[in-house]
K.L.:
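Questions regarding the structure given below will be posed in turn.
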Amino acid sequence: MMKTNFFEMVYEVVKLIPKGRATSYGAIANYLGTGRSARMVGWAMNAAHNLYDVPAHRVVNRNGQLSGKNHFENPRRMEELLESEGIHVSNDQIENFDKVFWDPNLELAI
DNA sequence: TGGCTGACTTTCG
DNA sequence: ACGAAAGCCAGCC
């Protein structure tokens with residue numbers, strides 16, 4: 001995908017995350033080519049939460065922790081959304097993150 | 001124009 | 001093994 005804006009690229013990747021799956025900021029950053037700038041992905045989410053219809057709850061840090069839950073309208077919302085999609089969350093962390101992890105580099109053809 | 005910031009990640013001490 | 005610090009880059013004062 002050749003988007004002019006970094007944000008839109010992030011949004012598209014996040015939208016492509018299958019239901020019941022989750023990915024990490026670093027994975028998206030790596031897919032976009034920004035590499036180590038995983039912080040920007042999270043920052044893009046911050047800008048996206050109201051402007052675009054992006055399932056930001058499917059994006060967590062590399063440990064599967066809901067690091068961005070505080071940036072939702074209600075911190076509980078992120079966990080509820082994940083649970084509603086079949087992803088079990090325990091103590092603000094995704095269970096079996098190895099299984100639900102969805103790597104854009106692996107699943108998407110560049 | 002220049003510097004600060006950030007929902008991360010990795011590495012050094 | 002745990003804690004602190006740097007690295008990364010695009011938007012926003």
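Atoms considered below: every heavy atom in the structure, side chains included; atoms not considered: hydrogens, waters and symmetry mates. Throughout, a chain's letter reflects where its sequence line sits, starting with A, and its residues are numbered from 1. Quick caveat, the model's predicted, so the values are computed rather than measured.
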K.L.:
Restricting to side-chain hydrogen bond (donor to acceptor under 3.5 Å, both in side chains), what partner residues turn up for N46(A), sequence neighbours left out?
P.N.:
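If we apply the side-chain hydrogen bond (donor to acceptor under 3.5 Å, both in side chains) test to N46(A), skipping adjacent residues, there are no hits.
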K.L.:
What range of DNA chain C does chain A touch, first nucleotide to last, counting atoms under 4.0 Å from its heavy atoms?
P.N.:
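Endpoints of the contacted stretch of DNA chain C: dG7(C) to dG11(C).
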K.L.:
Please enumerate all residues that pass side-chain contact (heavy atoms from CB on, under 4.5 Å) together with D98(A), with sequence neighbours excluded.
P.N.:
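Per chain and number, D98(A) pairs via side-chain contact (heavy atoms from CB on, under 4.5 Å) with no residue.
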K.L.:
Return one dot-bracket line describing DNA chain C 5' to 3' (Watson-Crick or G-U wobble pairs, both distances under 3.5 Å; ( ) same strand, [ ] crossing, | another strand, . none).
P.N.:
.||||||.|||||
K.L.:
With sequence neighbours left out, write down each residue that passes side-chain contact (heavy atoms from CB on, under 4.5 Å) with K99(A), or none if nothing qualifies.
P.N.:
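Partners of K99(A) by the side-chain contact (heavy atoms from CB on, under 4.5 Å) criterion, ordered by chain and then number, come out as N96(A).
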K.L.:
Using a 3.5 Å cut-off and no angle test, enumerate the donor-acceptor pairs between side-chain atoms of residues 19-28 of chain A and protein atoms at least two apart in sequence or in another chain.
P.N.:
| residue | atom | partner | partner atom | Å |
| --- | --- | --- | --- | --- |
| T23(A) | OG1 | W102(A) | O | 2.8 |
| S24(A) | OG | A27(A) | N | 3.2 |
| Y25(A) | OH | V59(A) | O | 3.4 |

K.L.:
Report the residues that fulfil side-chain contact (heavy atoms from CB on, under 4.5 Å) with E83(A), sequence neighbours left out, ordered by chain and then residue number.
P.N.:
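Counting only residues at least two positions away or on another chain, E83(A) forms a side-chain contact (heavy atoms from CB on, under 4.5 Å) with E79(A), H88(A), V89(A).
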K.L.:
With a 4.5 Å limit on heavy-atom distance, are the side chains of E12(A) and Y52(A) in contact?
P.N.:
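No; the side chains remain at least 4.5 Å from each other.
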K.L.:
Kindly write out the residues that satisfy ring pair (Phe, Tyr, Trp, His ring centres under 6.0 Å) with W43(A), not counting sequence neighbours, or none if the list is empty.
P.N.:
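Testing W43(A) for ring pair (Phe, Tyr, Trp, His ring centres under 6.0 Å), a comparison that skips the adjacent residues, returns F7(A).
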K.L.:
Using a cut-off of 4.0 Å on non-hydrogen atoms, how would the nucleic acid contact of A56(A) be classed: base, sugar-phosphate, or nothing?
P.N.:
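Contact class for A56(A): base.
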K.L.:
Are the side chains of N63(A) and F97(A) in touch, meaning some heavy atoms are under 4.5 Å apart?
P.N.:
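A side-chain contact under 4.5 Å is absent here.
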K.L.:
Walking along DNA chain B from 5' to 3', note the first and the last nucleotide with an atom under 4.0 Å from a heavy atom of chain A, and give both.
P.N.:
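Counting from the 5' end, contacts occupy dG6(B) to dT10(B).
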K.L.:
Would you mind reporting whether P55(A) and V14(A) have side-chain heavy atoms less than 4.5 Å apart?
P.N.:
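With C-beta onward as the side chain, the pair touches.
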K.L.:
According to the salt bridge (Lys or Arg N to Asp or Glu O under 4.0 Å) rule, which pairs have a member within residues 43-70 of chain A, sequence neighbours left out?
P.N.:
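Listed once each, the pairs are R58(A)-E85(A), K69(A)-D92(A).
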K.L.:
Could you tell me which residues satisfy ring pair (Phe, Tyr, Trp, His ring centres under 6.0 Å) with F72(A), sequence neighbours excluded, listed by chain and number?
P.N.:
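Per chain and number, F72(A) pairs via ring pair (Phe, Tyr, Trp, His ring centres under 6.0 Å) with no residue.
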K.L.:
Are the side chains of Q65(A) and V60(A) in touch, meaning some heavy atoms are under 4.5 Å apart?
P.N.:
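Side chain of Q65(A) against side chain of V60(A), heavy atoms only: no contact under 4.5 Å found.
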K.L.:
Where along residues 57-76 of chain A does a heavy atom fall under 4.0 Å from DNA chain B?
P.N.:
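Contacting residues: N61(A), R62(A), S67(A), G68(A), H71(A), F72(A).
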K.L.:
Cluster question for you: counting only ILVMFWY and a side-chain heavy-atom cut-off of under 4.5 Å, with indirect links fine, are L108(A) and V54(A) together?
P.N.:
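Yes, L108(A) connects to V54(A) through the hydrophobic network.
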K.L.:
Using heavy atoms to find the nearest nucleotide of DNA chain C for R39(A) and W43(A) separately, return the residue whose nucleotide is more 5′.
P.N.:
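On the 5' side of the pair lies R39(A).
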